[in-house]
Amino acid sequence: MLIIGAGQYGMVTKETAESMNCFEQIDFLDDKNPISIGKISQYEEFVDEYKYAIVAIGDSPFRLELTKKLQNAGYSIATVISPLAYVSKSAVISAGSIIEAMAVVNARATINECCFISAGAVVNHNSIVGKSCHIDCHATVRSNAVIKDYTKVEYGQVADSN
């Protein structure tokens, strides 16, 4: 799997993906971090080498835009879910989303494309989280809430529909 972005979100994504034990190799593309195997703009050069890719960059509009470019280039967009998270069997998690350890995605909740659900966050039942949102650590999305695209729910905040 190729992770776009080797900053703090990239490192969390890599460790979470490793805990899933389903990716043979995990590498980064990043414009600044020397551990990366190339620059972000080089993503098309690696499509034959990596089946899956995911964007782990905090800038929400850029995350969604880059994910679409990766899809168009031929990557399958990964979904990364920690085995230490609780995800209801009736929840829907879309491609490009990352569910960290100790997060809860309850019954009939929907997480749209490219969302970060951070450690300890709760997305309660029947709620909908829009595209490229970030529900930060220990934040709660109330039941039946609808969170608009690109929203960030800060640490410990309780969010209703916005």
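Residues: numbered from 1 along the sequence shown. What you are looking at is a predicted structure, and each value in this text was computed from that prediction instead of being measured. The figures here come from the full heavy-atom set of this structure, side chains too, leaving out hydrogens, waters and symmetry mates.
Here the straight-line distance linking atom CD1 of Ile128 with atom OG of Ser161 works out to 8.5 Å at 0.5 Å rounding. The NE2 atom of His134 sits 5.5 Å away from atom NZ of Lys152, with the distance rounded to the nearest 0.5 Å. Interatomic distance, Ser143 OG to Asn126 CG, rounded to the nearest 0.5 Å: 7.0 Å. Atom-to-atom distance recorded for Thr16:OG1 and Ile54:CD1 is 9.5 Å, nearest 0.5 angstrom. Here the NZ-NZ distance, from Lys32 to Lys39, works out to 10.0 Å after rounding to the nearest 0.5 Å. Atoms CD and SG, from Glu113 and Cys115 in turn, are 8.0 Å apart once rounded to the nearest 0.5 Å.
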* Take Ile81 and Ile93 through the side chain to side chain contact (heavy atoms under 4.5 Å, CB included) test and state the conclusion after the steps. => CA-CA 9 Å; Ile81 301 174; Ile93 312 294; 4.3 Å; yes
* Is there a side chain to side chain contact (heavy atoms under 4.5 Å, CB included) between Ile57 and Ile4 once you walk through the steps? -> CA-CA 7 Å; Ile57 293 174; Ile4 312 302; 4.1 Å; yes
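Looking at Thr151 and Asn162, their side chains come closer than 4.5 Å, going by heavy atoms from C-beta outward. Residues Met11 and Asn33 meet the side-chain proximity criterion, which asks for heavy atoms closer than 4.5 Å. Looking at Val153 and Asp136, their side chains never come closer than 4.5 Å, going by heavy atoms from C-beta outward. For the pair Lys14/Phe28, a side-chain contact is recorded, criterion being any heavy-atom separation below 4.5 Å from C-beta on. Side chains of Cys133 and Tyr150 form no contact here, defined as non-hydrogen atoms less than 4.5 Å apart. Within the 4.5 Å cutoff, the side chain of Asn112 has no heavy atoms near those of the Asp149 side chain. Between Val122 and Val141, every side-chain heavy-atom pair lies at or beyond the 4.5 Å cut-off. With a 4.5 Å cut-off on side-chain heavy atoms, Leu70 and Val47 do not count as touching.
Ile26 and Tyr52 fall within the same hydrophobic cluster, defined by Ile, Leu, Val, Met, Phe, Trp and Tyr side-chain heavy atoms under 4.5 Å apart, directly or through other members. Residues Leu2 and Phe62 share a single hydrophobic cluster, defined by chaining ILVMFWY side chains whose heavy atoms lie under 4.5 Å apart. Side-chain heavy atoms closer than 4.5 Å link hydrophobic residues (I, L, V, M, F, W, Y) into clusters, and following such links, possibly through other members, connects Ile135 to Ile111. Cluster annotation: Ile98 and Tyr86 are assigned to distinct hydrophobic clusters (Ile/Leu/Val/Met/Phe/Trp/Tyr, side-chain heavy-atom contacts under 4.5 Å, transitive). Tracing side-chain contacts under 4.5 Å through hydrophobic residues (I, L, V, M, F, W, Y), one never reaches Val105 starting from Met102; they form parts of separate clusters.
For Ser88 (side chain) and Ser90 (main-chain N/O), a donor-acceptor pair under 3.5 Å exists by modelled atom type. Side chain of Glu15 to backbone of Val12: no donor-acceptor contact under 3.5 angstrom is found. Checked by atom type and distance alone, the side chain of Glu100 never pairs as donor or acceptor with a backbone atom of Ser118 at under 3.5 Å. Side-chain atoms of Arg63 come within 3.5 Å of backbone N or O of Ser132 as a donor-acceptor pair. Checking side-chain atoms of Gln157 against main-chain N and O of Glu154 turns up a donor-acceptor pair under 3.5 Å. A donor-acceptor pair is defined here as one N or O able to donate and one able to accept, closer than 3.5 Å; no such pair exists between the side chain of Asp30 and the backbone of Ser36. Not a single donor-acceptor pair under 3.5 Å links the side chain of Asn124 to the backbone N or O of Thr140.
Remark: aromatic rings of Tyr50 and Tyr75 are distant, center separation not under 6.0 Å. Within the 6.0 Å centre-distance limit, the rings of Phe116 and Tyr9 are counted as a close aromatic pair.
Results of the side chain to side chain contact (heavy atoms under 4.5 Å, CB included) test with Val123 over Ile117, Thr110, Val104 single out Ile117 as the only residue that passes.
Nearest heavy atom pair, residue Ile77 against residue Gln71, reads CG1-CG, 3.2 Å. Closest approach of Gln42 to Leu29, counting heavy atoms only: C-CD1, 4.4 Å. Taking each heavy atom of Val80 and Ala17 in turn, the nearest pair found is CG1-N, 3.7 Å. Listed here is the closest heavy atom pair of Ala91 and Asn106: CB-O, 3.8 Å.
The side chain to side chain contact (heavy atoms under 4.5 Å, CB included) search around Pro83 returns Ser19, Met20, not counting sequence neighbours.
Counted within 6.0 Å of CD on Glu24, heavy atoms from surrounding residues, nucleotides or ligands total 12 or fewer; the atom is thus considered open.
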